[in-house]
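Naming convention: chains lettered A, B, ... in sequence-line order (proteins, then strands); numbering from 1 in each chain.
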Amino acid sequence: MGRSPCCEKEHNNKGAWTKEEDERLIKHIKQHGEGCWRSLPKAAGLLRCGKSCRLRWINYLRPDLKRGNFTEEEDELIINLHSLLGNKWSLIAARLPGRTDNEIKNYWNTHVKRKLISRGIDPQTHRCLNPSNKSPRNVSMQTDDIAMRNDIGFKVEEYSNCSSVEFLHPQINLDLSIRPPHLY
DNA sequence: AAGCACATCAACCGCCAGGCG
DNA sequence: TCGCCTGGCGGTTGATGTGCT
């Protein structure tokens, strides 16, 4: 016997959410709060599985979401965080209030990857794509980091020996404890 | 205007970890 | 301690939009 399905698939809607479904979900969560996603669809009168409701709420309906284009600052922050955390989209999203992991993941795959490749940087390793450049260190933030190091009077030799991400990215708060986005 | 290719992003799928009985 | 259930995560898909020929 395999796992039991997360929901009764045969009675569930799939695909894009309708305005009415959105309204039902919002209304229910406003009244009862988040949680118990499995029983939520039935309680809210939705023919969706709990997972789908959760995803819709988190990625689209939450009132604290910041819709619209990513700023240049967010862009660079995502690149820096990705160089430190890899594809840990939820952790990256936790550092970007109003942004969701799904949104960041999509943005990474459609915009940032291409941007890094055009800069000659491997988006996965954050190292130079050109093998003739044998610099072993993380290079996604080379230009910014050099400027940053100049600002703080840091010697290149010291930098190349440094393995502390906190030192490499002092602007990034690496406290990964969980708290609501508005508290960051 | 039509057809095609490419880009975007919402939503789904499957796996995993943690809580709980 | 074990097994089930649920929530959460990352990868992937597919529908839709947009630009180009």
Using atom names, set out every protein N or O paired with an N or O of nucleotides 4-8 of chain B below 3.5 Å, distance rounded to 0.1 Å.
residue: B:dT8; atom: OP1; partner: A:His111; partner atom: NE2; Å: 3.4
residue: B:dT8; atom: OP2; partner: A:Thr110; partner atom: O; Å: 3.3
residue: B:dT8; atom: OP2; partner: A:Arg114; partner atom: NH2; Å: 2.6

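Partner of A:Ile104 under the side-chain contact (heavy atoms from CB on, under 4.5 Å) criterion, chosen from A:Arg99, A:Glu74, A:His82: A:Arg99.
Judged by distance alone, the side chain of A:His32 and the main-chain N or O of A:His28 form a donor-acceptor pair under 3.5 Å.
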How far apart are the C-alpha atoms of A:Glu23 and A:Lys27, what are their side-chain angles, what is the distance that settles it, and do they pass the salt bridge (charged side-chain N to carboxylate O under 4.0 Å, His left out) test?
CA-CA 6 Å; A:Glu23 283 166 3; A:Lys27 189 179 168 192; over 6 Å; no
Under the side-chain hydrogen bond (donor to acceptor under 3.5 Å, both in side chains) rule, what do A:Asp22 and A:Tyr60 come out as? Steps first, then yes or no, please.
CA-CA 9 Å; A:Asp22 282 347; A:Tyr60 204 81; over 6 Å; no
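One atom, CH2 of A:Trp108, and another, C1' of C:dG11, lie 15 Å apart when rounded to the nearest Å. Going from atom CG of A:Asp22 over to atom P of B:dA10 covers 12 Å, rounded to whole Å. Rounded to whole Å, the distance from CZ on A:Arg54 to C1' on B:dA11 is 13 Å. Regarding A:Trp17, its CH2 atom lies at a distance of 19 Å from the P atom of C:dA15, rounded to whole Å. Look at CG on A:Asn109: it is 11 Å from C1' on B:dC9, rounded to the nearest Å. One interatomic measurement links the two molecules: CG of A:Leu55 to C1' of B:dC9, which rounds to 12 Å at whole-angstrom precision. The interatomic distance linking A:Arg56 (CZ) with B:dA11 (C1') rounds to 9 Å, in whole Å. One interatomic measurement links the two molecules: NE2 of A:His82 to C1' of C:dG10, which rounds to 11 Å at whole-angstrom precision.
We find that A:Asp101 and A:Lys88 are not joined by a salt bridge, their nearest charged nitrogen and carboxylate oxygen being 4.0 Å or further apart.
Side-chain to base pairing of A:Lys51 with C:dG7: no donor and acceptor N or O lie closer than 3.5 Å to each other. Not a single donor-acceptor pair, N or O on each side, falls under 3.5 Å between the base of C:dG10 and the side chain of A:Lys88. With hydrogens and angles ignored, a donor-acceptor pair under 3.5 angstrom links the side chain of A:Asn102 to the base of B:dA11.
Relative to the side chain of A:Trp89, the nucleotides B:dA11, C:dG11, C:dG7 differ in distance, and C:dG11 lies closest. In the set B:dA10, C:dG7, C:dC9, C:dC9 carries the atom at the smallest distance from any side-chain atom of A:Asp101. Taking the side chain of A:Asn106 as heavy atoms from C-beta on, and the options B:dC13, C:dG10, B:dC9, the nearest nucleotide is B:dC9.
The side chain of A:Ser90 places an N or O atom within less than 4.0 Å of a non-bridging phosphate oxygen (OP1 or OP2) of C:dC9. Residue A:Lys105 has no polar side-chain atom (N or O) positioned under 4.0 Å from OP1 or OP2 of B:dA10.
Backbone-only contact: A:Asn87 has heavy atoms under 4.0 Å from sugar-phosphate atoms and none from a base.
At most 12 heavy atoms of other shown residues, nucleotides or ligands fall within 6.0 angstrom of atom NZ in A:Lys42.
Looking at A:Glu21 and A:Asn13, their side chains do bring a donor and an acceptor atom within 3.5 Å of each other.
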